[in-house]
K.L.:
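I'd like to ask some things about the structure below.
Note that ligands are numbered from 1 as they come in the structure, with each ligand's atoms numbered from 1 the same way.
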Amino acid sequence: MALEEIKAVPPFITLEGGEGVGKSTQQRMLVRRARGLGLTVTGTREPGATQLGASVRDLLTTPGNDHPGQRSELLLYLADRAQHVERVIAPALEGGQVVICDRFADSSEVYQGRARGLGVEWVRGLNRWACGEVWPDLTILLDLEPGLGLRRVNKRQGELGLTTDRLENEGLEFHRQVRQGFLDQAAAEPERIKVVDASMPQDEVALAVWALAEPLLKEFKRLTA
Ligand code: TMP
């Protein structure tokens, strides 16, 4: 069934931001809260949510793997996304499920388009092609000063006895570009992309995230009741 044929299309919500902003934790909390409204929710993430995506994630993020060039890197993220949309996101939406995704198309526009210099508009075009008619209704940008985010990542990885991954190891200037790139995306699309200050304590960030998502979720619930 095509998405436009569904009576009320479930919201597709994405969380975005640089390294160490707390996206994964906030995504889990948001999924739990949305389920608390009685909604069926698919919580997912990029890269790596499909079998193909897990291999792509390994290729892309494991330090020591043969480094993809900038164009290959972009195409690998897009391959992950196309598969993710086709196998997970579109079927969930068509089945009436809310989808809440940790990273999506904006990440490629910012990391590859902006910080790697491939061109935001160019990447947007490729994203549209890879995603078909699926596009987020709401994107919550968790904004944090990159030095702070990277310190959080190093601390967490140290505690878990893990090393940082290939993109986390990029210099501070790269991560400043990422932060500014996301803020520019939000300024260009204020209706879709909402910014939350991720330097607040975790519970306050969660409240701010919920305040943005709740109206959309409740409206969907009302339409399908
Ligand atoms: P994660 O740390 O949120 O799991 O994401 C893995 C890395 O992949 C992170 O450094 C951001 C990067 N990334 C891109 O560069 N482009 C993309 O399109 C996506 C989805 C992630």
K.L.:
Nearest 0.5 Å, what's the CD-CG distance between Gln27 and Leu15?
P.N.:
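Atom-to-atom, Gln27:CD and Leu15:CG are 6.5 Å apart.
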K.L.:
Considering only protein heavy atoms, which is closest to atom 9 (C) of ligand 1, and at what distance to one decimal place?
P.N.:
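Answer, as residue, atom name and distance: Glu19 OE2, 3.5 Å.
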K.L.:
Does ligand 1 have a heavy atom under 4.0 Å from the side chain of Arg81, from its backbone, from both, or from neither?
P.N.:
side chain
K.L.:
Quick one about Tyr77 and Arg103 (side-chain donor to acceptor, distance below 3.5 Å, no hydrogens or angles considered), yes or no?
P.N.:
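Their side chains do not contain a donor-acceptor pair, so the 3.5 Å distance test is not met.
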K.L.:
What protein heavy atom sits nearest atom 12 (C) of ligand 1, and how far away is it?
P.N.:
Tyr77 OH, 3.2 Å
K.L.:
Nearest to atom 18 (O) of ligand 1, what protein heavy atom do you find, and at what distance?
P.N.:
Ser108 OG, 2.5 Å
K.L.:
Give the residue and atom name of whichever protein heavy atom lies nearest to atom 1 (P) of ligand 1, and the separation in Å to one decimal.
P.N.:
Arg103 NE, 3.5 Å
K.L.:
Can you tell me how the ring of Tyr111 sits relative to the ring of Phe182, calling it parallel under 30°, perpendicular over 60° and tilted otherwise?
P.N.:
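Correct class here is perpendicular.
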K.L.:
Could you tell me, atom by atom, which parts of ligand 1 come under 4.0 Å of a heavy atom of Lys23?
P.N.:
3 (O)
K.L.:
Under a 4.0 Å threshold between the charged nitrogen and the carboxylate oxygen, would Arg116 count as salt-bridged to Glu170?
P.N.:
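Yes, charged N to carboxylate O under 4.0 Å.
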K.L.:
For atom 4 (O) of ligand 1, what's the nearest protein heavy-atom neighbour? Residue, atom name and distance, please.
P.N.:
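Checking every protein heavy atom, the shortest distance to atom 4 (O) of ligand 1 gives Arg57 NH2, 2.8 Å.
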K.L.:
Is the closest heavy-atom distance from Arg45 to ligand 1 below 4.0 Å?
P.N.:
no
K.L.:
Give me the nearest non-hydrogen protein atom to atom 16 (N) of ligand 1 as residue plus atom name, then the distance to 0.1 Å.
P.N.:
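Atom 16 (N) of ligand 1 sits closest to the protein heavy atom Gln112 OE1, 2.8 Å.
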K.L.:
Can you tell which part of Glu73 has a heavy atom less than 4.0 Å from ligand 1: side chain, backbone, both or neither?
P.N.:
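Glu73 to ligand 1: no contact under 4.0 Å from either part.
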K.L.:
Check this for me: does any side-chain nitrogen of one of Arg124 and Glu121 sit under 4.0 Å from a carboxylate oxygen of the other?
P.N.:
no
K.L.:
Are Gln202 and Gln26 close enough, and set up right, to give a side chain to side chain contact (heavy atoms under 4.5 Å, CB included), and what steps lead you there?
P.N.:
CA-CA 8 Å; Gln202 198 177 77; Gln26 291 301 329; 3.7 Å; yes
K.L.:
List in chain and number order the residues that pass ring pair (Phe, Tyr, Trp, His ring centres under 6.0 Å) with Phe104, two or more places apart in sequence or in another chain; answer none if no residue qualifies.
P.N.:
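With sequence neighbours excluded, Phe104 shows a ring pair (Phe, Tyr, Trp, His ring centres under 6.0 Å) to Phe12, given in chain and number order.
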K.L.:
Please name all residues satisfying salt bridge (charged side-chain N to carboxylate O under 4.0 Å, His left out) with Glu16, sequence neighbours left out, ordered by chain then number.
P.N.:
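Partners of Glu16 by the salt bridge (charged side-chain N to carboxylate O under 4.0 Å, His left out) criterion come out as none, since no residue qualifies.
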K.L.:
Which residue holds the protein heavy atom closest to atom 6 (C) of ligand 1, what is that atom called, and what is the gap in Å?
P.N.:
Pro47 CD, 4.0 Å
